[in-house]
**Q** 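Once you've had a glance at the structure underneath, I'll fire off some questions.
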Amino acid sequence: MTENAYTRRDDGDNGSKGVGRMTGTVLVTSGTGKTGRRVVERLTALGVPVRSGSRTGEVPFDWQDDTGWEAALRGTEAAYVAYYPDLAVPGAAEAMAAFGRTAAVCGVRRVVLLSGRGEPQAAVAEEALRGAAGRAEVTVVRSAFFAQNFSEGALLDGVIGGELVFPAGTTAEPFLDLDDLADVVVAALTGDGHAGAVYELTGPRSLTFEQAAEELGRATGRPVRYVPVTGSAYASLLEEFGVAGAEAGFLAELFATLLDGHNAATTDDVKRVLGREPKDFSGFAREAARDGAWHG
């Protein structure tokens, strides 16, 4: 990523979009999370004023407490919205409507929303935000399964231990590298031409979890085996690790919805926005191994 990719208009035919006007201050919700911190890093590198919102940070922001939202949004021009825990959970649509109303009152001009690919309930939350955000430009970024879930998320310990236990069966998934997602988000926040767009972001090829495990094994230099389980068995496993029963059940049901095959196809939306191909899963695995993600 170069500075010029986001700070000037490039009239060349490179396939990229939205390399236009710089923004004023940007609020990044969940600013310390997997996607939020990457967006903060990129905006900061470009010299864009950033407010990194989190429950315990300098800019208080809690999705469960809307009393601090107006203070976080006041004086900002744009916002990156990464709702926790997921846009498909009960209450997410109501939260998006409330956030949209607050953003409209505060005069926010641009909102980029992280959503899930192929999640019907997440689409309801998307519409709630659009309907409440007034004149703000809303861009939706629907993501495939994060590649970094294997290196920073719930599947990290499985890779280190050599067994990936997950209810994906033989379904293929076009895993998305979060660096690509963050680049798309920053392009939409800082450039023109993205108003009203819905981008479905995927990696360049689809792999089954068994194939992903093999790739991870090659990158780490030790065997990694995929162990398919049912959704109910996975929910029980999560409960053994301290996840509340309701949340465990929701997650198992969500994965069953996402990994039934309807999300297996790849898209070219990363290339449409950035003018380059997305990172392949093998490249992600090599880089994560090099950076010590699985030293354990």
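Heavy atoms only: backbone and side chains are in, while hydrogens, waters and symmetry mates are out.
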**Q** So, T267 versus D269: side-chain donor-acceptor pair below 3.5 Å or not?
**A** no
**Q** When you check the side-chain N and O atoms of E70 and T102, is any donor under 3.5 Å from an acceptor?
**A** no
**Q** Please check if any side-chain donor atom of Y84 sits under 3.5 Å from a side-chain acceptor atom of T29, or the reverse.
**A** no
**Q** Quick check, are the ring centers of W294 and F150 under 6.0 angstrom apart?
**A**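 No, the ring of W294 stays outside the 6.0 Å limit from the ring of F150, centre to centre.
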**Q** Within the supplied structure, the quantity of interest is the number of heavy atoms (other residues, nucleotides, ligands) at a distance under 6.0 Å from E210 CD; does it exceed 12?
**A**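 For E210, atom CD is not crowded (no more than 12 foreign heavy atoms under 6.0 Å).
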**Q** For F166, check ring-ring contact (aromatic ring centres under 6.0 Å, His included) against everything at least two apart and list the hits.
**A**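 Listed in chain order: F145, F209, Y234, F255.
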**Q** Does any donor atom in the side chain of T56 or S54 lie under 3.5 Å from an acceptor atom in the other side chain?
**A**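 No pair is found: no donor N or O on one side chain lies under 3.5 Å from an acceptor on the other.
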**Q** Does CZ belonging to F250 count more than 12 external heavy atoms closer than 6.0 Å?
**A** yes
**Q** Is the backbone N or O of A285 less than 3.5 Å from a side-chain atom of R290, with the two atoms forming a donor-acceptor pair by type?
**A**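 Such a contact is absent between R290 side chain and A285 backbone.
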**Q** Indicate the atoms forming the closest heavy-atom contact of D180 with P278, along with that distance.
**A** OD2-CA, 3.3 Å
**Q** Does V198 belong to the same Ile/Leu/Val/Met/Phe/Trp/Tyr cluster as L258, with side-chain heavy atoms less than 4.5 Å apart forming each link?
**A** yes
**Q** Just by modelled atom types, is the G162 backbone N or O under 3.5 Å from a matching donor or acceptor in the R225 side chain?
**A**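 No, because the side chain of R225 does not come within donor-acceptor range (under 3.5 Å) of the backbone of G162.
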**Q** Surrounding CZ of R55 (heavy atoms of other residues, nucleotides or ligands, distance under 6.0 Å), is the total greater than 12?
**A**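 Counting other residues, nucleotides and ligands, CZ of R55 stays at 12 neighbours or fewer.
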**Q** Which of these passes salt bridge (Lys or Arg N to Asp or Glu O under 4.0 Å) with D183: R38, K279, K271, R276?
**A** R276
**Q** Please tell me whether E173 and N263 have a donor and an acceptor in their side chains that are separated by less than 3.5 angstrom.
**A**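 Side chains of E173 and N263: no pair found under 3.5 Å.
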**Q** Provide the closest heavy-atom pair for S206 versus A172 in the form atom of the first, atom of the second, distance.
**A** CB-CB, 3.9 Å
**Q** Which heavy atom of G31 sits nearest a heavy atom of S52, and at what distance?
**A** CA-OG, 3.4 Å
**Q** Answer yes or no: does atom CD of E253 have more than 12 heavy-atom neighbours from other residues, nucleotides or ligands under 6.0 Å?
**A**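 No, the 6.0 Å shell around CD holds no more than 12 heavy atoms from other groups.
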